[in-house]
Amino acid sequence: MMNTLNTENPIEKPFRKTGDPVDLTSESPLHPRRKSRRIMVGPVPVGGGAPISVQSMTNTLTANVPATLQQIAELTAAGCDIVRVAVPSQDDADALPEICRKSPIPVIADIHFQSKYVFQAIDAGCAAVRVNPGNIRKFDEVGPDICKAATDAGISLRIGVNAGSLDKELYAKYGGPTPEALVASALKEAHMFEDVGFHDFKISVKHHDVITMVETYRLLASKGDWPLHLGVTEAGPAWQGTIKSCLAFGALLAEGIGDTIRVSLSAPPVEEVKVGCKLLEYMGLRPRKFDIISCPSCGRAQVDVIQLASAVTEGLKDVTAPIRVAVMGCIVNGPGEAREADLGVASGNGKGQIFIKGKVIKTVPEDQIVDTLLTIANDIAAQMEADSQVPVNSTGPVVVPIQHPGH
């Protein structure tokens, strides 16, 4: 369900000064988090053990303020913590004050080439500015002024490099955008900022190749304590980009590397947020929310599992309570393998056994399975909401394949 932005209650201003200590921390069940310094993106802490934030970027024309704010509202409803908007023109820069004032989440201005827009974004109240020194004209001259303006405003910056903005000398020295070349470029930029006393920045070193990206972030993580923004750039369409991002982020997050993420997809921005939130959830880095557990299709299944799982997913797409619903294709393995689900069905022989926490409560004809599951699931969700068990920014369902023995 689309949420419309309430522009009468914009986020509180001014922002907390960058780098202020915040008690909020998050640990990984897989590996201790890498020690990094903490910066602030508006009220959202990044680094220093803070919960890993999910970012996305609007694809509207920024100068179209209503459309941009509507998309920000949709991203926020999907669980986005920080949003980036493109500022390639003066009209876009002029739109920033209203967008920043009315956005429910911190806004980062994405600036390339024109340094004047950096200063306008800071004056407009942006929570942070993304700059790639490699493609800002005469950055050596304007860099110190950008740092001073950001310091005076109490905001942070994101710097970084990718293959397209890699310094030509480093490209030639290392024979292309290798991990060593990307890290060398990032270190050069970091030192450029630190030499003038500015430390409130995070770094990204994105690449479209999973292996190169992982090796680059591992190398950079060993060189200093900067908070790191993870991303696989130009990851591709939704299916391909999701796989790339999950592989790369999963490898790094399992090693404790990464403080904020953006899943880059050739898809609507809301899809990026859904993938990012679920990825963190399954890595144990966000509270569990709504899940659908389902069997893969197999020769033992006596029901169309694909159709059944799809129907249940669609019917519960607006449920945000942290419940697990299991859709199992045969009675033999159903309740046993999904006994930890809050609710489920084991199907076969033209009927479905409905179970709660592994205990069968009723048997219904096959054509009543979906309606029965939806009714009970909504009752459970309503009770959780009444008991205040629904997490903030809960996201919709995904289908999680369960592999039976012998597959």
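Side chains included, hydrogens not; waters and symmetry mates left out as well; all remaining heavy atoms used.
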Open item on the list: Ignoring hydrogens and geometry beyond distance, is a side-chain donor-acceptor pair present between T68 and T62 at under 3.5 Å?
Closed with: no

Open item on the list: Between D110 and R84, does any side-chain N to carboxylate O distance fall below 4.0 Å?
Closed with: yes

TODO: May I ask you to say whether K35 pairs ionically with D225, meaning some side-chain N is under 4.0 Å from a carboxylate O?
DONE: no

Open item on the list: Can a donor-acceptor pair be found, under 3.5 Å and without considering hydrogens, that links the side chain of T58 to the backbone of T60?
Closed with: no

- [ ] Ignoring hydrogens and angles, tell me if any N or O in the side chain of S103 forms a donor-acceptor pair with the backbone of P106 under 3.5 Å.
- [x] no

TODO: Would you mind telling me which of V65, D92, V83 makes a side chain to side chain contact (heavy atoms under 4.5 Å, CB included) with I99?
DONE: V65

- [ ] Report, as yes or no, whether the 6.0 Å neighbourhood of atom CD1 on I361 holds more than 12 heavy atoms from other residues, nucleotides or ligands.
- [x] yes

- [ ] Flag the pair L253 / L279 as yes when at least one side-chain heavy-atom distance between them is below 4.5 Å, and no otherwise.
- [x] yes

TODO: Using the side-chain contact (heavy atoms from CB on, under 4.5 Å) rule, take E271 and V275 through it: C-alpha gap first, then chi angles, then the decisive distance, then the call.
DONE: CA-CA 6 Å; E271 298 305 311; V275 173; 5.5 Å; no

- [ ] Search all heavy atoms of A127 against all heavy atoms of I155 and return the closest pair with its distance.
- [x] O-CB, 3.4 Å

TODO: Take F249 and Y282, measure what ring pair (Phe, Tyr, Trp, His ring centres under 6.0 Å) needs, and give me the verdict at the end.
DONE: CA-CA 12 Å; F249 293 2; Y282 295 144; over 10 Å; no

TODO: Report yes if the side chains of P88 and Y117 come closer than 4.5 Å at any heavy-atom pair, otherwise no.
DONE: no

Open item on the list: A side-chain contact here means heavy atoms from C-beta on lying under 4.5 Å apart; do F290 and P322 qualify?
Closed with: no

Open item on the list: Is any side-chain heavy atom of V345 closer than 4.5 Å to one of M328?
Closed with: no

Task: NZ/NE/NH1/NH2 to OD/OE distance under 4.0 Å, R38 and D259 - done: no

Task: Backbone N/O of V142 and side chain of D145: donor-acceptor pair under 3.5 Å - done: no

Open item on the list: Side chains of R158 and S204: any donor to acceptor distance under 3.5 Å?
Closed with: yes

Task: Distance-only side-chain donor-acceptor flag, D81 / Q55, under 3.5 Å - done: no

Task: R37 to F201, cation-pi by 6.0 Å centre distance and 45° axis angle - done: yes

Task: Candidate pair T216 and K206, rule side-chain contact (heavy atoms from CB on, under 4.5 Å), full reasoning - done: CA-CA 8 Å; T216 302; K206 301 195 294 184; over 6 Å; no

Open item on the list: Any donor-acceptor pair under 3.5 Å linking the side-chain atoms of D379 with those of Q383?
Closed with: no

Task: Test item: H31 side-chain N/O and E255 main-chain N/O as donor-acceptor pair under 3.5 Å - done: yes

- [ ] Answer whether the closest heavy-atom distance between the side chains of L343 and F355 falls below 4.5 Å.
- [x] no

- [ ] Taking T260 for its side chain and S53 for its backbone only, find out whether a donor-acceptor pair lies under 3.5 Å.
- [x] yes

Open item on the list: Taking the basic N atoms (NZ, or NE/NH1/NH2) and the acidic carboxylate oxygens, is any pair closer than 4.0 Å for K289 and E281?
Closed with: no

- [ ] Return yes if some donor-acceptor pair links the side-chain N/O of R33 with the main-chain N/O of A50 below 3.5 Å, else return no.
- [x] yes

TODO: Taking all non-hydrogen atoms of both residues into account, name the closest pair between V232 and A248 and its distance.
DONE: CG2-CB, 3.6 Å

Open item on the list: Donor-acceptor check, side chain of Y217 to backbone of I257, threshold 3.5 angstrom: yes or no?
Closed with: no

Open item on the list: Checking side chain to side chain contact (heavy atoms under 4.5 Å, CB included) between V129 and each of I122, V107, I108, which is the one that passes?
Closed with: I122

Open item on the list: I'd like to check K278 versus K274 (side-chain heavy atoms, cut-off strictly below 4.5 Å). Are they in contact?
Closed with: no

TODO: Might you work through the side-chain contact (heavy atoms from CB on, under 4.5 Å) test for N162 and H207, ending with a clear yes or no?
DONE: CA-CA 6 Å; N162 53 42; H207 197 280; over 6 Å; no

TODO: For residues P51 and R286, determine if any side-chain heavy atom of one lies less than 4.5 Å from a side-chain heavy atom of the other.
DONE: no

Open item on the list: I want to check something: taking the side chain as every heavy atom from C-beta on, are L228 and K202 in contact at a cut-off of under 4.5 Å?
Closed with: no

TODO: Could you please spell out the steps behind the side-chain contact (heavy atoms from CB on, under 4.5 Å) verdict for Y171 and D167?
DONE: CA-CA 6 Å; Y171 193 100; D167 181 275; over 6 Å; no

Task: Polar contact flag, side-chain donor to acceptor under 3.5 angstrom, T363-Q353 - done: no

Open item on the list: Determine whether a donor-acceptor pair (N or O, by modelled atom type, separation under 3.5 Å) exists between the side chain of S185 and the backbone of L182.
Closed with: no

Task: E215/R218 salt bridge by N-O under 4.0 Å criterion - done: no

